Amino acid sequence: MELSKNYIPGEVETKWYKHWVDNGYFHSEPNEKKAYTVVIPPPNVTGVLHMGHCLNNTIQDILVRRARMQGFNPCWVPGTDHASIATEAKVVAMLRERGIAKSSLSRDEFLGYAWEWKEKYGGIILQQLRKMGCSLDWERTSFTMDPAYYESVIKVFVDLYNKGKIYRGKRMINWDVRAKTALSDEEVIHKEVNGKIYHLKYKLDVPGEEYITIATVRPETILGDSAICVHPDDARYTHLVGKFAFVPLINRRIPIIADDYVEIEFGTGALKVTPAHDMNDFQLGQKYNLEIIDTMNDDGTMSEAAQLYIGQDRIEVRKPIIKDLEAAGNLVKIEDYVHQVGFSERTDAIVEPRLSLQWWVDMKQLAAPALDVVMSDEISFHPAKFKNVYRHWMENIKDWCISRQLWWGHRIPAWYDEDGKVYVEASIEKVNEKYPETKGKTLTQDSDCLDTWFSSWLWPIEVFKGMSNPGNAEINYYYPTSTLVTAPEIIFFWVARMIMAGEEYMGKIPFKDVYFTGIVRDKQGRKMSKSLGNSPDLLGLIDQYGADAVRFGIMIASPAGNDLLFDDSTIEQGKNFNNKLWNATKLLKMWEARQNNEGAIPEDAAFAMDWFQAKLSATQIQVDEMLKTFRLSEALKTIYGLFWDDYCSWYLEWIKPGFEQPIHQGVYERTLEFYDALLQLLHPFMPFITEEIHHTLKTQSEDLCIKAYTAPTHVDESVLKAGELLQNVISTLRDARNKNQIKPKDTIELHIQTELDAPYKTIQNILAKQVNAASIKYTTAAIGSSIVVALEKDKFYIVADQAIDTVSLKENLLKDLAHQQGFLVSVDKKLGNEKFVQNAKPEVLAIEQKKKADALARIQTIEESLAQL
RNA sequence: GGGAGCAUAGCUCAGUUGGUUUAGAGCACCUCGUUUACACCGAGGGGGUCCGCGGUUCGAACCCGUGUGCUCCCA
């Protein structure tokens with residue numbers, strides 16, 4: 001079979017993905033094996049794959065594929081989230097394009113369009129995960145609005161309501177004026193904004209005093225002012241407390257009050273109080289029983305209550321109101337001011353604090369057990385630093401606003417009678433059943449939906465029907481799940497709440513380990529975003545480089561616990577690695593065609609095999625340890641080095657037969673086994689090419705993807721040391737050849753002066769081949785007119801046709817000598833220190849003494865070599 | 001304003017309880033090289049006052065204090 005010059009990923013990847021799925025390798029059913037369960041963080045149903053998903057799902061696939069090869073029964077559940085605000089916004093936009101206004105539709109008509117949209121575009125992201133090679137159990141695909149899931153969400157709402165953990169209350173909430181809905185605190189993004197601070201004077205209702213000046217960044221809200229507040233200790237204003245002032249332009253008379261909430265140093269020390277439009281002002285309003293004047297409509301325009309600018313957007317009103325204030329003589333000055341402004345995570349609209357009647361979850365009780373399981377490491381966070389972040393949030397937790405003024409989502413199961421009395425049950429029939437007095441009355445269901453996260457917090461439970469069919473065989477087998485892989489950004493939105501739901505409804509943690517990925521940034525460290533346009537086209541990259549190369553590139557650049565700075569160059573590196581793997585395969589295929597099995601395995605090849613076996617086993621153990629502790633990037637680097645350097649650059653060169661010579665069958669077969677073991681190690685990271693090569697090497701009875709790992713053998717440390725010595729000698733001699741400008745094809749004669757020649761004799765064939773020596777001889781005396789190189793206690797004499805450059809030779813030796821002497825000084829300093837000798841552990845002392853002896857020996861060797869020049 | 005974290009080679013990072021030959025890797029860089037797996041390659045090489053300052057210790061990249069710079073989370 002003729003293999004292509006370079007590896008071509010496209011068809012290979014399509015072929016193997018289909019093969020794996022057709023054979024049901026990714027499907028799991030409960031069995032006698034141990035489960036390894038992972039639930040995907042469900043992407044938005046309308047989403048398309050981006051770099052964050054790529055990182056996140058590659059990591060999950062690595063863990064899952066590894067578990068499969070380790071003999072677990074892995075189950076990785078795919079699915080999507082209905083994403084209420086995001087999806088509703090997209091559907092509204094789509095309808096607008098078609099000339100349909102949401103307000104012209106009934107709820108049912110709108111939901112019809114929304115479902116239509118979901119069916120059409122909802123699956124795209126799941127298709128894209130297939131391209132990446134993700135070994136998801138497609139038969140278990142879930143959606144947070146599947147009928148049973150929907151019912152479970154409602155069931156949880158009713159249950160928490162009955163337990164008194166859900167209540168309805170009028171509070172200040174974050175209002176998204178674009179989506180016209182409430183938001184939870186977590187959905188508000190605070191950004192620094194360059195704004196202005198306006199100093200405005202209010203006329204006083206005090207004889208002899210003209211004005212009091214306040215400072216505000218939001219002049220448009222003065223129309224809702226109901227007081228002015230100063231600090232009780234502020235001497236400038238004490239005489240005004242209890243008096244009144246007039247709101248400019250509308251001349252409303254408002255009281256001047258005192259409270260130590262006010263910062264004396266800030267602005268003018270006098271604060272205007274607008275209880276309807278500021279969280280803190282609202283608190284003050286409650287405390288002093290101030291009037292709440294809501295001057296804003298739900299779309300952010302000024303309301304009737306504002307009296308002026310009615311119907312104009314509150315942000316746009318800022319210009320005219322300042323003009324009018326200036327004209328009226330109320331404007332004192334305007335200064336530049338940088339401050340924090342809240343934006344909606346979903347629509348990017350400036351969020352308005354607003355007083356509103358909403359549904360809330362009482363978080364205090366739910367948080368306590370969820371905090372314990374993390375602090376006690378029953379659930380382990382990786383990296384552990386997120387424990388602190390988690391604790392801080394959980395200890396200062398606020399109630400969760402769960403109602404959203406949207407239609408796409410789980411509708412709140414609350415009904416109101418004509419008197420406004422509320423009944424919470426799963427359906428109107430159940431309301432009638434439980435409250436017979438409601439029969440015949442007109443009941444109206446709450447029109448709001450639940451926050452998306454109120455459904456996703458059940459994800460690890462309900463994908464196994466643990467809520468709709470409690471105690472079924474699957475939930476018992478798969479729950480708790482093993483590892484959750486997610487972005488740190490949703491630690492509060494999702495991770496914390498899943499732990500709460502797990503404790504509340506299963507009485508158990510939902511997962512053992514949580515691995516927080518980094519955030520994908522561009523080369524300059526900026527977060528990837530649509531608006532910056534710095535997000536690469538993932539599918540384009542896969543088409544260009546292949547999924548394996550993309551997976552390699554993103555993983556090699558992802559240090560555990562850090563953000564990853566994405567750059568094409570690591571994907572390029574991945575592609576080069578593919579080719580390296582491919583070329584090694586080509587070499588083995590050439591050898592396959594030319595084997596013999598006469599006689600015993602040559603001594604040098606036997607040494608090479610023993611050495612690589614030891615190296616392989618040592619690395620297998622190392623990689624295992626790294627993966628256990630979620631150091632995935634390091635594990636990949638280690639495997640990369642094992643293949644490229646140890647296997648290709650050293651081992652294959654050591655066993656390589658001479659020109660047109662056959663290879664011993666025993667060596668060939670062992671070499672093939674080594675390669676397959678390497679492919680096993682690499683498979684979780686780069687599944688496609690490894691499966692392809694596994695089958696290219698020879699006819700296999702089993703696919704790599706489900707093949708059990710070969711266990712490491714005992715690691716022979718002395719063989720590892722011997723290999724290291726060989727590598728050292730080779731590198732040193734090659735360096736000497738280079739520096740003396742001996743051309744690679746020119747042969748040399750090598751003479752070794754050593755007290756112990758046995759170790760060299762085992763490896764001398766390899767050594768001769770690697771440094772292109774025509775002969776290797778052992779000597780007890782110096783060899784004249786040669787290049788001399790000192791290594792450890794031994795000396796190597798290179799005899800070549802080349803003229804010897806004594807000057808540079810001497811230079812090198814002197815440089816080495818200086819280094820060794822410097823080193824000796826530092827060791828001597830330590831050993832000469834009485835306190836060190838007294839206090840250091842015996843083994844440390846022994847090491848220092850050995851260092852000294854070695855240094856002395858080397859200095860002697862170098863000095864002897866210098867003397868011979 | 002409150003909290004968390006980071007600072008090691010040009011870049012991205014390792015460096016396990018302080019002692020493992022006067023600090024390691026990958027990429028980038030420099031020199032040489034198309035001998036039949038691979039130039040998407042091979043061989044070799046250069047490159048660091050471990051952010052500054054002080055302290056603890058026989059001994060500090062590592063522990064403590066402090067300064068500076070950066071990042072993130074919360075309000």
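Here is the naming used below: chain letters follow the sequence lines, and residue numbers restart at 1 for every chain. Quick caveat: nothing in here was measured; it's all calculated off a predicted structure. All values below come from the heavy atoms of this structure, side chains included, with hydrogens, waters and symmetry mates left out.
In this structure, A/Asn772 does not reach the B/U35 phosphate: none of its side-chain N or O atoms is under 4.0 Å from OP1 or OP2. Contact annotation: A/Lys580 side-chain N/O to B/G42 OP1/OP2 distance is under 4.0 Å. In this model, the phosphate group of B/C13 is not approached by any side-chain N or O of A/Lys637 to a distance below 4.0 Å at OP1 or OP2. A sub-4.0 Å separation between OP1 or OP2 of B/G42 and a side-chain N or O of A/Trp644 is present.
Contact annotation for A/Ala557: no contact, since no heavy-atom pair falls under 4.0 Å across all strands. Here A/Ser569 lies out of heavy-atom contact (under 4.0 Å) with every strand. At the heavy-atom level, A/Glu395 lies nowhere under 4.0 Å from the strands shown. In this structure, A/Asn578 reaches neither bases nor backbone, as no heavy-atom distance under 4.0 Å exists between it and the strands shown. Nucleic acid contact class of A/Tyr7 (heavy atoms, under 4.0 Å, all strands): none. When heavy atoms are screened at a 4.0 angstrom cut-off, A/Arg858 is found touching base atoms of the nucleic acid.
For the salt bridge (charged side-chain N to carboxylate O under 4.0 Å, His left out) condition, the pairs that include at least one residue of residues 545-560 of chain A, sequence neighbours left out, are A/Asp61-A/Arg551. Sequence neighbours left out, the pairs with a member in residues 618-636 of chain A that pass salt bridge (charged side-chain N to carboxylate O under 4.0 Å, His left out) are A/Arg66-A/Asp624, A/Asp624-A/Lys628, A/Arg631-A/Glu634. Sorted by first and then second residue, the ring pair (Phe, Tyr, Trp, His ring centres under 6.0 Å) pairs involving residues 548-574 of chain A (not counting sequence neighbours) are A/Phe552-A/Phe577, A/Phe552-A/Tyr640.
Between the side chain of A/Glu13 and the main chain of A/Ala547, a donor-acceptor pair closer than 3.5 Å is present.
Both A/Lys850 and A/Trp591 lie close to RNA chain B; mapped to their nearest nucleotides by heavy-atom distance, the more 5′-ward contact belongs to A/Lys850. Heavy-atom distances to RNA chain B give each of A/Leu652 and A/Asn388 a nearest nucleotide, and the one nearer the 5′ end belongs to A/Asn388.
The side chain of A/His392 lies closest to B/G3, out of B/U12, B/G3, B/A37. Picking from B/C41, B/U12, B/A75 the nucleotide with the shortest atom distance to the side chain of A/Lys398 gives B/A75. Side-chain proximity of A/Ser826 to B/C13, B/U20, B/U22: nearest is B/U22. Distances were taken from every side-chain heavy atom of A/Phe823 (C-beta onward) to each of B/A37, B/U21, B/C41; the shortest belongs to B/U21. In the set B/C73, B/G42, B/G5, the nucleotide with an atom closest to the side chain of A/Val389 is B/C73. For A/Ser649, the side-chain atoms get nearest to B/G42 when compared with the rest of B/C73, B/G42, B/U21. Looking at the side chain of A/Tyr640, the nearest of the listed nucleotides B/C72, B/G26, B/A14 is B/G26. Here the nucleotide nearest the side chain of A/Glu653, chosen from B/A14, B/G26, B/A37, is B/A37.
A/Leu845 places its CG atom 13 Å from the C1' atom of B/G59, with the value rounded to the nearest Å. Straight-line distance from the CD1 atom of A/Ile571 to the C1' atom of B/U12: 15 Å, rounded to whole Å. To the nearest angstrom, C1' of B/C73 lies 12 Å from CG of A/Asn396. Between A/Phe386 atom CZ and B/U71 atom C1' the separation is 12 Å, expressed in whole Å. Summarising the geometry, the separation between CE on A/Met555 and C1' on B/C27 is reported as 17 Å, rounded to the nearest angstrom.
Qualifying ring-ring contact (aromatic ring centres under 6.0 Å, His included) partners for A/His382, counting only residues two or more places apart in sequence or in other chains: A/Phe630. With sequence neighbours left out, A/Lys586 forms a side chain to side chain donor-acceptor pair (under 3.5 Å) with A/Asn583. Checked against side chain to side chain donor-acceptor pair (under 3.5 Å), A/Asp377 has the following partners two or more places apart in sequence or in another chain: A/Lys387. Residues satisfying the ring-ring contact (aromatic ring centres under 6.0 Å, His included) test with A/Phe386, not counting sequence neighbours, are A/Phe516. For A/Trp393, the ring-ring contact (aromatic ring centres under 6.0 Å, His included) partners at least two apart in sequence or on another chain are A/Phe492.
Atom CD of A/Gln595 sits about 7.5 Å away from atom CD1 of A/Ile663, to the nearest 0.5 Å.
Non-hydrogen atoms lying under 4.0 Å from RNA chain B are contributed by A/Asn833, A/Lys835, A/Phe836, A/Asn839, A/Ala840, all within residues 830-843 of chain A. Only A/Ser731, A/Arg734, A/Asp735, A/Asn738, listed by number, bring a heavy atom of residues 724-740 of chain A to less than 4.0 angstrom from any atom of RNA chain B.
Paired runs in RNA chain B that reach 3 or more consecutive Watson-Crick or G-U pairs, where each pair keeps both distances under 3.5 Å, cover B:1-7 with B:68-74, B:10-13 with B:24-27, B:29-33 with B:41-45, B:51-55 with B:63-67.
By the neighbour-count criterion of 12 heavy atoms within 6.0 Å, atom CD of A/Glu834 is sparsely surrounded, having that number or fewer from other residues, nucleotides or ligands.
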Output side-chain donor-acceptor pairs under 3.5 Å for residues 836-849 of chain A, partner residues at least two apart or in another chain, one line each.
residue: A/Asn839; atom: ND2; partner: A/Lys835; partner atom: O; Å: 3.1
residue: A/Glu848; atom: OE2; partner: A/Lys851; partner atom: NZ; Å: 2.9

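Aromatic ring centres of A/Phe674 and A/Tyr647 lie farther apart than the 6.0 Å criterion allows.
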